[in-house]
Every structure is written in structure tokens, then in C-alpha cells.
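Worksheet for the structure shown next.
Every heavy atom of this structure was used, including side-chain atoms; hydrogens, water molecules and symmetry mates were not. Every chain is numbered from 1 and lettered A, B, ... according to where its sequence line falls, protein lines coming before strand lines.
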Amino acid sequence: MKLQDMYQEIILDHYRNPHGRGLRDPFDAEVHHVNPTCGDEVTLRVKVDGDTLTDVSYEGQGCSISQASVSAMYDLVVGRSVTAALATGEDFVRLMQAKGDTTVADELEDSLEDAVAFAGVSKYPARVKCALMSWMALKDASARAWTPSDPTPTTEESA
Amino acid sequence: MTATAPAPATGRTPLPLDVEAVRADFPILGRTVRDGKRLVYLDSGATSQKPRQVLDAERWFYENVNAAPHRGAHALAEEATEAYEQARATIASFIGAQTDEVVFTRNSTEAINLVAYAMSNAVTAKEPEFHRYAVGQGDEIVVTEMEHHANLIPWQQLCERTGATLRWLGLTDEGRLDLSDLDTVVNERTKLVTVTQQSNILGTLPPLAPIIERAHAVGALVMVDGAQSVPHQPVDVAALGADFLVFSGHKMLGPTGVGVLWGRSEVLAALPPFLTGGSMIEVVRMEGSTFAPPPQRFEAGVPMTAQVVGLAAACDYLTALGMDTVFAHEEALTEYALAQLQAIPGVTVIGPPDTVARGGAISFTVDGIHPHDVGQVLDDQGVAVRVGHHCAWPVVRRMGVPATTRATFYVHTGYDDVDALVEAVRHAQRFFGVDAVEEA
């Protein structure tokens, strides 16, 4: 097992130069997620128009894996339907549960694009939660901003 | 590897302990990690490794005398009771206590909760003799900003249950306890002051004497959290002068699942129980029950007998090494490690920068690399450290860092372990490309 398997260059690039970072207005829901065992945190906002995630903005602090993950997620989900974004999130969870099984990564490459580089993280159980934090935040924020049965966005201040 | 390290020529004073001989007692140190790397275990502050003598004692108990102590009329029950109580005497002697002042708990956390719950149970106890340490509105509990969550949250909760007020002593920028407002924070409303004897994250050894003196002057009880001190320095409860001392077996070469609450006899006698059930009773009737005297009053249920026996073996092991020697050993390692780490550009020690009033827990940050990533690279080199907020979130917040990397030492630690740590930190800087940037 090589450390470079986890710290892929693409992950370090996202860490050093995060995409879409910063909290932006307007937004429909904002959530704050922490990783209580290590103190990593992310504040994440979503803007939903109709069925589309028109923006995901965030601020956070934490290790390279947690911060690169939210940056790669931004690239994957903005401009897509909430349903597609959440399905991609499910794929990412599968990748994190793969325990380094490369066939899973191969299978998910089309769905996850850059984020498939996180496959190596799944070999380090203690770091999986770092990679998943932002996706859990997205799922949470999406649920507050949008309901599948009623695809009209919640425009009033979220409760 | 020190050829590239422009470290001050810190003397490697001969270590007080024979590291190779000690290591031979620890089976786990013979294994390798991460593709054949020697295990450099620098996480004893989280949990210590166990020498064969401790493992043998537990096995001896299970193979020869296993039975529930203080119950049963058979030979094994008698021998198990004898082993359990003999172990209590050994452990009491280790901290200079009377045997019946030692209460076994699961760990330090449970020992602290025992006292915190006893103090709120005192409010509603039907027995008048248990009201003495009741806590309520207008009363104050004092902690410090340096505490492990285990010595903070039980007191926050006690205050929420009873309406008492939580106050605390703060930290200086160097990570020492700020005693400038001791006389106002600890006052006639204070019911209990609780303070760590060694910070698990900063390594600081706070001055306990003035705190205990002030607390007793206003009639407050004093608890000392010895989770990080009892394993690493001589602790004598008579000399300490506190009312409670808590510590965990697993951090002092003993098994998991056993910890100690030491309390002064007259204080324990005035506390109602925390957990109730079998073996802590005197007389039981359907209408109500009375309770055994301490320590049995606080030991409901069949205890962790084999683990208590294992902890006594750990005390014997440490006594044979000599706790003064253990402290001197770690002090030498700490002095060397502080010099070596602080000689690396970009490395900042969080906590006292020298060995004055300080134990062998060293937290640090590396510019440009998050502590989790530092820990990951260290792990890849076989170096096991702890990263994060170390269950002391207010401390890292106060020190202005999101998290730290922490190395802790023990009896099997040698200079080669410190060298491996230092080299692995430099490796992490190279891996993340922040080594050259800092060379100003």
C-alpha cells in the first residue's frame, strides 16, 4: 500500500486550489457539518432552481482529504439536477466502501470523474469520514432545500 | 539522518531506563506496520502498550482462579476475592493510599462521572448523611480550560442538572494555567475544583498546590485528574493533599476496562452511590435498601476482576522500574524531542517549549500540512501518533490552532523513536512540498 495511492496529485491540486470555495448568496439552505473525532468542519450552502442545483458554496477547514473532497464535489454537482447529484453522492459512498477494490473505481469512473481519485482513501478506514463529510453536508442541505415529491424549491427562509 | 538537521547539539544524556530490556517485555513492539516498518509507538497518551507481565497476570487469573469476587462459597470465589483485594492493596500502595480509599471504575471518565453524579444524587438522597456535598443553585464548580473532555462535560452536565454555575481558570498563551484570578474564580460559593495534573495535549504540569490550598481555604473539594500523570510520575495522595484522584489502568501499562477513583475516607463516606445494584448494598427490602460502606458502595455488579489483577501487575512493573526513573526517562526524551522538533523550520510546539513543569506529551503543528495529513505520512513511516483535538477542544481553540499532532512517550521509548519521529516530520514536509518554502 503506497501513500501516493491516497494522495493522488489530483487530490492535492483540489486541496491547494479549491474550486468554488466561499459562501455565496442567494441560497436556499445552509448546513454546518463537523467531524467530531478530528474537528474538521464545513459550512455548505445550496441554491436550487426548479430541479437544478444552481450553486453549491462552502467554507471549511480540515485535512487535505476533506477539503479536496468538497472541491471535487463542487465540480461534479453544480448545474445538475438534485436527483443526479444525490445519485452521484451514493456512488461516492460506494467508492468509499470499496476498501481499495479497483473494480469498483473502474465501474464508477464515468459517474465520479475527478472524484474517482479518492479511491485510495477507501484503503484507510480512518480517513473515509474525512472524504464523506462534504457529501453528507450536500445531502443534508439538499433535503432542506428541495423535496422529491414537490420539485418546487423552498424559497422561504428554511426552518 | 541528523547530518541534514542543523539542530542544536542537544546532548543525548544517557537514558535512565534500559530501553532494549524494557522493549523485550512488550510483545507488540516486535511487530511491524505498513509494509515491514518498525513500530514506533508514540501514542501512549491515548493508550499504553502492555508488558508480558500484565498479560500474564490476566491470563493467570482466568486460567487459575476465575470466579466472581465477594460472592459464592467455593474455593475459586475465595481465591478470586483474595486476588481482587490483594490487587486493590497493591494499587493503593502505588499511590500512597489506604486500601479502602480505592474504588474501581471502568476508567478515569467513569470515576469523574461517579463523583459528579454522586454530588447531584446527594440533592435528593433520603439519607441525611448524604446531603453534605449536595450541589444546587448558587453553588459553583470550577474546572480549567486545560481539561480533557472527560473532566469538563460531567461538570457541565452536573451544573445543568442542579442549577449550579460552572467557572474555569484560563490558559496563558504558552499553554500554562493562568492563576491570576484564582482567588475570584475559587470563592466561598465553590463546591468543587477539578484540575488535571498533566495536560494530555500540552504536556503542562499545572501548579496544584496553590489551587488545592485556595480550594480548601474556601471549603471546596478538590479533584485531580491523574490520567496523564499517574502513569508517568510519582504520585502520592498524602503529599498531593487533594480529596479525589482519578486515573485509568490502560494508560499505565494495565488492561482496558479498569480505572480508579481514590477519595479521602471521610469524603467517600459522605457520598451517595452513583451506580446501584448487586454487591453495593447492606440490607435490601422491597420498601428500600441501605448501602455498604466505601469502596463497595461504589462498585455495583461483578467487577472487572481480571483487569484489576492486571493493573496491579502494571503497578508492580512500574514500581520495579521506579516512578522517579520513569519521569526522568521521559524528561530526557522530552528535552531531546523539543530541541529536535523546534529545529525543524515550520514546526511549532503547542504548549511549553521547554521541560520546565512539563511532562512527555508534545503537541505540534507543521506549517502548510494539516495534522491529519502529518499523522498519515508519519503512519506510513511506522510512526504512530495522535492527531486532532485530543478530546480537549477548548484547548486547541484557545491555542489558536484547528488541531495538532501529538507524540507521547513511555518506558519503552528511546532516542531512536524520537529520531524516527523527526525524520518522518521532515519526510511529510517533502511529501507535501513545504520543506523548501520554510527555509528562510
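B:Q376 approaches A:Y124 most closely through the heavy-atom pair NE2-CD2, 3.0 Å. In this structure, A:P36 and B:H389 approach most closely via the heavy-atom pair O-NE2, 2.8 Å.
Counting heavy atoms of neighbouring residues, nucleotides and ligands inside a 6.0 Å radius, atom CH2 of B:W393 exceeds 12 of them. The 12-atom threshold is not exceeded at NZ of A:K139, counting heavy atoms of other residues, nucleotides or ligands nearer than 6.0 Å. Around the CZ atom of B:R106, the shell of radius 6.0 Å holds no more than 12 heavy atoms that belong to other residues, nucleotides or ligands. By the 6.0 Å contact criterion, CG on A:D25 is enclosed, its count of non-hydrogen atoms from other residues, nucleotides or ligands being greater than 12.
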task = Assess whether side-chain contact (heavy atoms from CB on, under 4.5 Å) is satisfied between B:H370 and A:D40, documenting all intermediate values.
result = CA-CA 10 Å; B:H370 191 274; A:D40 291 346; 3.7 Å; yes
inquiry  = Assess the residue pair A:R127 and B:D373 against the criterion (side-chain contact (heavy atoms from CB on, under 4.5 Å)); give the C-alpha distance rounded to whole Å, side-chain angles, the decisive distance to 0.1 Å, and a yes or no.
reply    = CA-CA 10 Å; A:R127 302 304 293 276; B:D373 296 316; 2.9 Å; yes
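When heavy atoms are compared at a cutoff of 4.5 Å, B:V374 does not approach chain A at all.
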